[in-house]
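Chain letters run A, B, ... following the sequence lines, proteins first, then strands; residues in each count from 1.
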Protein chains: 2
Amino acid sequence: MKYKTLPKIQIDEKNRRILTILQENARISNAEIARQLGMTTSAVFERIRKMEERGIIRGYSVQVEPAALGLPLSAFVSVKITPHRLAPEVGQAISAIEGVEEAYHMTGEECFIARIRCSDTDSLERILMEINDIEPVFATRTMIILRSAKEISGALLSSVVGELAADEGA
Amino acid sequence: MKYKTLPKIQIDEKNRRILTILQENARISNAEIARQLGMTTSAVFERIRKMEERGIIRGYSVQVEPAALGLPLSAFVSVKITPHRLAPEVGQAISAIEGVEEAYHMTGEECFIARIRCSDTDSLERILMEINDIEPVFATRTMIILRSAKEISGALLSSVVGELAADEGA
DNA sequence: CTTGAAAGTGGACGGGA
DNA sequence: TCCCGTCCACTTTCAAG
């Protein structure tokens with residue numbers, strides 16, 4: 001094993017197993033986790049509570065089918081900016097755009113990448129316009145996602161814009 | 001509103017609100033959701049069940065703090081391949097590499113992108129080697145993630161490799 | 001870690017708009 | 001179709017050992 005890693009894991013085997021189960025189905029009951037691992041419910045409960053407290057568990061979320069939200073179109077948009085020192089502001093501005101689900105500051109000439117989810121090319125155009133309107137941005141490159149070979153999470157509801165956004169107060 | 005979208009939403013307002021709550025905390029009880037929305041538990045239960053059945057809800061997962069898993073290093077690796085028609089096989093091969101959390105087939109010259117999560121540069125090197133070892137891959141470009149301006153999900157437990165992987169059968 | 005117990009919930013059912 | 005009220009077994013959550 002030439003490229004062996006040395007993980008400085010802060011969790012033990014039991015917690016790892018609990019998290020593995022929760023990763024597949026976070027709505028499973030503590031009792032069911034306990035059953036699967038041969039532990040008591042209280043022990044599982046206490047361990048989960050502590051992991052939440054220590055920030056090991058950030059939260060739990062639902063994975064929503066993007067098509068059901070009318071968001072069949074995904075893309076990565078890489079962004080070039082100048083000057084680079086404005087990166088924090090650019091990051092904030094990009095994140096605030098409707099349809100941007102993720103945004104990262106990276107090394108390299110294209111120092112930002114945003115993952116977009118939207119309903120159609122009109123919507124994509126709007127998003128690209130908004131990104132290009134950010135002051136330090138001088139170039140973008142759009143790569144439409146054809147297929148996800150491996151994907152973690154579903155669509156964000158905040159990506160759904162348009163008429164639906166209006167009836168918030170119902 | 002020039003760039004207005006026309007979302008063909010298949011879910012109604014109530015379901016959207018339920019999903020919004022679940023997106024923030026998927027482990028909340030149906031009773032609590034019902035309380036927040038002024039519905040009965042049964043109604044909430046029934047709606048969630050149907051969304052699961054119809055595939056609108058794909059699943060529920062826990063968001064794990066990557067640092068706690070010893071995975072402080074994230075990167076995007078874009079990949080060029082030839083011939084392009086081998087894309088499906090390349091997608092599978094990339095997805096199977098330990099440390100690859102997401103992989104997408106995209107339009108453009110760099111027709112794959114992978115998001116990597118690992119413990120250190122040694123581990124990153126190993127992953128890059130493995131990607132470059134895939135037959136049709138002739139070039140990769142690595143962009144280290146410095147900061148996430150907006151992020152959805154936590155780390156995958158399957159990204160944790162090394163000693164820890166051994167005690168699986170305990 | 002365990003047990004134990006009170007309070008709360010899941011999920012099924014009958015029925016009504 | 002979607003919703004409500006009821007109900008019981010199960011689960012959560014806590015305190016004590």
Take atom [atom1] in [X]; do more than 12 heavy atoms of anything else shown fall under 6.0 Å from it?
X	atom1	answer
Arg147(B)	CZ	no
Glu135(B)	CD	no
Gln92(B)	CD	no

Salt-bridge test for [X] and [Y]: reply yes if a basic N is under 4.0 Å from a carboxylate O, no otherwise.
X	Y	answer
Arg35(B)	Glu32(B)	yes
Arg49(B)	Glu46(B)	yes
Arg117(B)	Glu151(B)	yes

Item to complete: Show your working on salt bridge (charged side-chain N to carboxylate O under 4.0 Å, His left out) between Glu53(A) and Lys50(A) and close with a plain yes or no.
Response: CA-CA 5 Å; Glu53(A) 191 180 276; Lys50(A) 278 187 186 151; over 6 Å; no
Worksheet item: Which parts of residues 51-64 of chain B get close to DNA chain C, meaning a heavy atom less than 4.0 angstrom away?
Response: none
Worksheet item: Would you find a donor on one side and an acceptor on the other, under 3.5 Å apart, between the side chain of Glu101(A) and the backbone of Leu156(A)?
Response: yes
Practice prompt. If a protein heavy atom is under 4.0 Å from the base, mark B; if only from the sugar-phosphate, S; if neither, -; do that for nucleotides 2-12 of chain D going 5' to 3'.
Written response: SSSBB----SB
Worksheet item: Passes salt bridge (charged side-chain N to carboxylate O under 4.0 Å, His left out), Glu110(A) versus Arg141(B)? Steps please.
Response: CA-CA 11 Å; Glu110(A) 296 176 311; Arg141(B) 185 166 62 102; 3.0 Å; yes
Discussion item. Of all nucleotides in DNA chain C that come within under 4.0 Å of a heavy atom of chain A, which is furthest toward the 5' end and which toward the 3' end?
Written reply: dC1(C) to dG4(C)
Worksheet entry | Ring geometry between Tyr104(A) and Phe76(B) (parallel below 30°, tilted from 30 to 60°, perpendicular above 60°) | perpendicular
